[in-house]
Amino acid sequence: MAESFYEAFAPEEIARIAAAGTRVHLPQGWSPIWEQTPADKAYLILDGTVSVRHNGEEIAQLGAGEIVGEAAIVNRSLRTASIVALTPLELIHFTDDAVRRLCDEMPSFRSALEAVAVERFGRN
């Protein structure tokens with residue numbers, strides 16, 4: 001993807017997305033999402049870097065402007081990976097309801113999530 005998830009939106013859309021969640025800070029080493037757990041939250045990374053791990057092995061690193069935890073919510077499935085903070089993180093925390101509501105109310109948000117799914121998983 002040429003741009004980050006966040007860069008796909010106009011300023012007024014960014015404000016709406018940010019308002020749907022809660023800003024949180026997490027320390028380095030913290031793991032807010034665990035593989036094979038229910039999909040109850042997603043995070044938009046504002047600052048910092050995370051390691052995406054499947055079966056304990058790093059499969060990607062993601063940073064500012066990227067979203068994590070959305071796929072299991074959209075697909076209504078268990079988590080497919082764990083997320084570990086490689087640096088202190090500044091995030092926007094979204095409940096599963098907030099992600100679904102944004103998808104319903106903002107076609108651009110749903111489209112951006114679908115684009116992330118295609119890039120990361122090769123499918124919709």
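Here the structure is a predicted model, which means the values were calculated and not measured. Values below: all heavy atoms of this structure, side chains included; hydrogens, waters and symmetry mates excluded. Numbering of residues begins at 1 and proceeds along the displayed sequence.
Put simply, the side chain of L86 reaches to within 4.5 Å of the side chain of Q61, judged on heavy atoms. Using a 4.5 Å heavy-atom threshold, the side chains of I92 and L46 count as touching. Under the 4.5 Å side-chain criterion, counting only non-hydrogen atoms from C-beta, F94 is not in contact with T22. Side-chain contact check for W30 versus L89: every heavy-atom pair is 4.5 Å or farther apart. In this structure, the side chains of E105 and R16 come closer than 4.5 Å at one or more pairs of heavy atoms. Between L26 and P32, some side-chain heavy-atom pair lies under the 4.5 Å cut-off. Using a 4.5 Å cut-off on side-chain heavy atoms (C-beta onward), L91 and L44 make no contact. Side chains of V84 and V50 form no contact here, defined as non-hydrogen atoms less than 4.5 Å apart.
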*Could you go through the salt bridge (charged side-chain N to carboxylate O under 4.0 Å, His left out) check for D96 and R100 one step at a time?*
CA-CA 6 Å; D96 55 340; R100 289 191 185 105; 3.5 Å; yes

*asked:* Let's go through M106 and R110 carefully: what are the C-alpha distance in whole Å and the side-chain angles of both, what is the deciding distance for side-chain contact (heavy atoms from CB on, under 4.5 Å) to 0.1 Å, and is it a yes or a no?
replied: CA-CA 7 Å; M106 291 181 65; R110 177 177 288 285; over 6 Å; no

*asked:* Run L113 and I67 through side-chain contact (heavy atoms from CB on, under 4.5 Å) and show every step you take.
replied: CA-CA 9 Å; L113 286 185; I67 192 164; 4.0 Å; yes

*asked:* Test salt bridge (charged side-chain N to carboxylate O under 4.0 Å, His left out) on K41 and D97; report intermediate values, then the result.
replied: CA-CA 9 Å; K41 60 191 166 243; D97 287 339; over 6 Å; no

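For A98 against A20, the heavy-atom pair with the smallest separation is CB-O, 3.6 Å. Minimum heavy-atom separation, V99 to F109: O-CE2, 3.9 Å.
Under the ring-ring contact (aromatic ring centres under 6.0 Å, His included) criterion, Y43 pairs with H93, not counting sequence neighbours. E13 meets the side chain to side chain donor-acceptor pair (under 3.5 Å) test with S108; sequence neighbours excluded. Taking the salt bridge (charged side-chain N to carboxylate O under 4.0 Å, His left out) definition, one finds that D47 meets it with nothing, sequence neighbours left out.
In the hydrophobic clustering of this structure, L62 groups with I83; members are Ile, Leu, Val, Met, Phe, Trp, Tyr whose side-chain heavy atoms approach within less than 4.5 Å, directly or through other members. Hydrophobic cluster membership differs between V68 and W34, with clusters built from Ile, Leu, Val, Met, Phe, Trp and Tyr side chains linked at under 4.5 angstrom.
The distance from the SG atom of C103 to the CD atom of E114 is 7.5 Å, given to the nearest 0.5 Å. Atom-to-atom distance recorded for Q36:CD and H54:NE2 is 8.0 Å, nearest 0.5 angstrom. Atoms OG1 and CD1, on T87 and I45 in that order, are 8.5 Å from each other to the nearest 0.5 Å. One distance of note links CG of D40 with CD1 of I33; it measures 8.5 Å at 0.5 Å rounding.
Crowding of E12 atom CD: a count of heavy atoms from other residues, nucleotides or ligands under 6.0 Å exceeding 12.
Remark: the backbone N or O of E35 is paired with a side-chain donor or acceptor of S82 at under 3.5 angstrom. Looking at R79, its side chain never comes within 3.5 Å of a backbone N or O of A72 through a donor-acceptor pair.
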